[in-house]
2 protein chains.
Amino acid sequence: MSIGFRKNLSKETSGSLGDQVRDHLRIRILGHEWEAGGKIPGEFELADQYGVARVTIRTALRSLETQGLIDIRHGSGAYIADFGDSVRAGLQELRSITQTIREMGHKAEMITRSSEIRKATATEAKDLQISEDSDVLHIERAITADGEVVAFSYDTFNIEELTPAILKRISKGSVFAALDSIRKHPVRARAEIHAISSNEIGWGRDRPRSGLYLLLRQVHYLRNGKPIFTGDTFFVEGKFQFIIHRTV
Amino acid sequence: MSIGFRKNLSKETSGSLGDQVRDHLRIRILGHEWEAGGKIPGEFELADQYGVARVTIRTALRSLETQGLIDIRHGSGAYIADFGDSVRAGLQELRSITQTIREMGHKAEMITRSSEIRKATATEAKDLQISEDSDVLHIERAITADGEVVAFSYDTFNIEELTPAILKRISKGSVFAALDSIRKHPVRARAEIHAISSNEIGWGRDRPRSGLYLLLRQVHYLRNGKPIFTGDTFFVEGKFQFIIHRTV
DNA sequence: TGCTCTAAGTTGTAGTACAACTATAGAGGA
DNA sequence: TCCTCTATAGTTGTACTACAACTTAGAGCA
């Protein structure tokens, strides 16, 4: 597995060696290769397994610890943090909502209500760091799991960073998949969280009667620090479980 | 500053050298020593400043990157992530609520409504990994900022891990400060987030009429992986801004 | 003015060595 | 037999060095 790993995964994944090892270890952890509270192999053995230096393994393990997936104990080892299966919807992991739904074993769909290019609002221009007369792509969509609406999203894209072909693809399918194809996927997002009670949010006959939502107000950034898109996502309370790992 | 740092901070802070450097750098970042988007000193220079090896600096920087405070760019440097002042209420940073309020320049108080030792409920016993007939300490409190109620908390402690003196101190002041004094402060927590609309939550005349809360349902763990306390904290919507940094 | 290329600077990875800490097994004593 | 202590092996933490990979800025040239 030693050299084979570096050959195989460098094509699929991106980022540094340490990031690749981190992502692979995360898959192994979430795949329950080790039981909760159990000990994973030592740094020397992992370095052997992946054919990388111990420094690289330590980089990956530190990152996983900050994410709350493992506990590293000096002189003892690294242990799987006790979490439920719901970790896959971990809030600090920046990933596609639809992909998360699919990984949890459900059928995910996106229903576009509207898609238009218009001038940016003041708030949008500020978040996207563009002038106020710039054009932006605004999309309103509903996200469903097994046919049931779980969220309503209002996204606004900085079209200066994107080509018309990509814009079309974004408005039709998964945002993350489209951005990934041109290597412009966001690596970081800043989100505010709010509780919202309103009947003005959802639409259609599947609109929840309670009107109770968890709002994620986000700005997504590229690796070079530039904002690529911003948006509000209203999650129907109770339909989606958000987990967050907090560390010192 | 080189040797002085290691002498000074090893008394106040805990954890490995890398953790101490990380905490110190976090203070410098949140203190706006560098402007948003600006570049912090290189790894070699920081290693000089702190009198530690570059490996140790890299450990700290990686952790700060995972927390979303900086962006590290290969061949270029580490840059301050663009965030507002509200970062100090970063949701993935496990810290005392009252201390966070104070750091934001407000006066924080805790008003205890009730404090009792009783048998654990089924849910509490499961979360705390104790038998169902075990005794637990249950406290109901309101948290205020500048005299205004910002949250209601319902906490339950595993008293097997604590002495009577500490239990008394917990019920009177800050939980984190009390646990810190016996080096049993939690290093990790797992939290669910919910939007709640109910008039059964708050009490007193300051109870918000809207009844709209952001609920944090948490379990706190010690470094050895054992749960120390669990609890529900209901934040009055609009009074407390939660920020979260999401990374790939 | 604009472009290309070079060089300096920065982070990423590798390897080695030793320090600090933990857990275990075993010796020794009550 | 049980308990306590100790030695020891195993693991993570820190240090130092060296080089690779990448970015940026500036010199030089057309």
Side-chain angles (χ1 to χ4, degrees), chain A residues 2-3 5-7 9-10 13-25 34 37-66 70-81 183 187 222-226, chain B residues 2-3 5-7 9-10 13-25 34 37-66 70-81 183 187 222-226:
Chain A
S2 60
I3 301 189
F5 165 75
R6 295 178 64 168
K7 270 192 181 173
L9 268 75
S10 59
T13 67
S14 58
S16 65
L17 251 183
D19 288 348
Q20 294 175 41
V21 171
R22 176 202 62 197
D23 291 340
H24 194 259
L25 278 173
W34 304 281
K39 189 177 165 188
I40 72 177
E43 297 178 353
F44 287 101
E45 187 181 332
L46 286 175
D48 261 0
Q49 282 185 15
Y50 287 104
V52 299
R54 192 179 150 224
V55 173
T56 307
I57 295 294
R58 285 184 59 74
T59 300
L61 292 182
R62 268 286 180 180
S63 185
L64 291 171
E65 187 190 35
T66 303
I70 61 174
D71 285 325
I72 303 178
R73 298 177 205 160
H74 188 185
S76 177
Y79 298 82
I80 303 293
R183 299 188 62 78
V187 297
L222 300 177
R223 182 165 296 281
N224 62 12
K226 289 185 180 173
Chain B
S2 58
I3 301 189
F5 166 75
R6 295 178 64 169
K7 270 192 181 173
L9 268 76
S10 58
T13 67
S14 58
S16 64
L17 250 182
D19 289 348
Q20 295 175 42
V21 171
R22 175 202 62 198
D23 292 341
H24 194 258
L25 277 173
W34 305 282
K39 189 176 165 188
I40 71 176
E43 296 178 353
F44 287 102
E45 187 181 333
L46 286 176
D48 261 0
Q49 283 185 15
Y50 287 103
V52 301
R54 192 178 150 225
V55 173
T56 307
I57 295 294
R58 284 183 59 73
T59 301
L61 291 182
R62 268 286 178 180
S63 186
L64 292 171
E65 187 190 34
T66 304
I70 61 174
D71 284 326
I72 304 178
R73 298 178 204 157
H74 187 185
S76 178
Y79 299 81
I80 303 293
R183 299 188 62 78
V187 296
L222 299 177
R223 182 165 295 281
N224 62 12
K226 289 184 180 173

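Every chain is numbered from 1, with letters handed out A, B, ... down the list of sequences. Owing to the predicted nature of the structure, the values given are computational and were not obtained by experimental measurement.
- Scanning both residues, A/Lys39 and A/Gly77, for their nearest heavy atoms gives CE-CA, 4.1 Å.
- No engagement by B/Leu61 is indicated, since no non-hydrogen atom pair under 4.0 Å with the nucleic acid exists.
- The distance between atom CG of A/Asp19 and atom P of D/dC22, rounded to the nearest whole Å, is 14 Å.
- In this entry the distance linking CD1 of A/Ile72 with P of D/dT11 reads 15 Å, nearest Å.
- When all heavy atoms are compared, the tightest approach of A/Ile70 to A/Leu61 is CD1-O, 3.5 Å.
- The interatomic distance linking B/Ile57 (CD1) with C/dG12 (P) rounds to 14 Å, in whole Å.
- Residues B/Gly225 and A/Asp71 approach most closely at CA-OD2, 4.4 Å, considering heavy atoms.
- For the OP1/OP2 pair of C/dG12 and a distance below 4.0 Å, the side-chain nitrogens and oxygens of A/Thr59 include no atom meeting the criterion.
- Taking atom CZ of A/Arg62 as the reference point, atom C1' of D/dT11 lies 14 Å away to the nearest angstrom.
- The closest donor-acceptor contact from the side chain of A/Thr66 to the backbone of A/Arg62 lies under 3.5 Å.
- Nearest to the side-chain atoms of B/Ser76 among the listed nucleotides D/dG13, D/dT23, D/dT11 stands D/dT23.
- Heavy-atom nearest nucleotides on DNA chain D were determined for A/Val55 and for A/Ala78, and the one closer to the 5' end corresponds to A/Ala78.
- Of the listed nucleotides (C/dT11, C/dG15, D/dG13), D/dG13 has the atom at the smallest distance from the side chain of A/Arg54.
- Taking only side-chain atoms of A/His74, from C-beta outward, the nucleotide of D/dT14, C/dC21, C/dG15 with the closest atom is C/dC21.
- Of the listed nucleotides (C/dG12, C/dA14, D/dT14), C/dA14 has the atom at the smallest distance from the side chain of A/Val52.
- The CG atom of B/Asp71 sits 18 Å away from the P atom of C/dT10 (whole-angstrom rounding).
- Atom CG of A/Leu17 and atom P of C/dT11 are 18 Å apart (whole Å).
- Rounded to a whole Å, the CD atom of B/Glu43 is 19 Å from the P atom of D/dC19.
- What separates CZ of A/Phe44 from P of D/dG13 is a distance of 11 Å, to the nearest Å.
- Not one N or O on the side chain of B/Ser63 forms a donor-acceptor pair closer than 3.5 Å with the backbone of B/Thr59.
- Mapping B/Arg73 and A/Arg58 onto DNA chain D by nearest heavy atom places A/Arg58 at the nucleotide closer to the 5' end.
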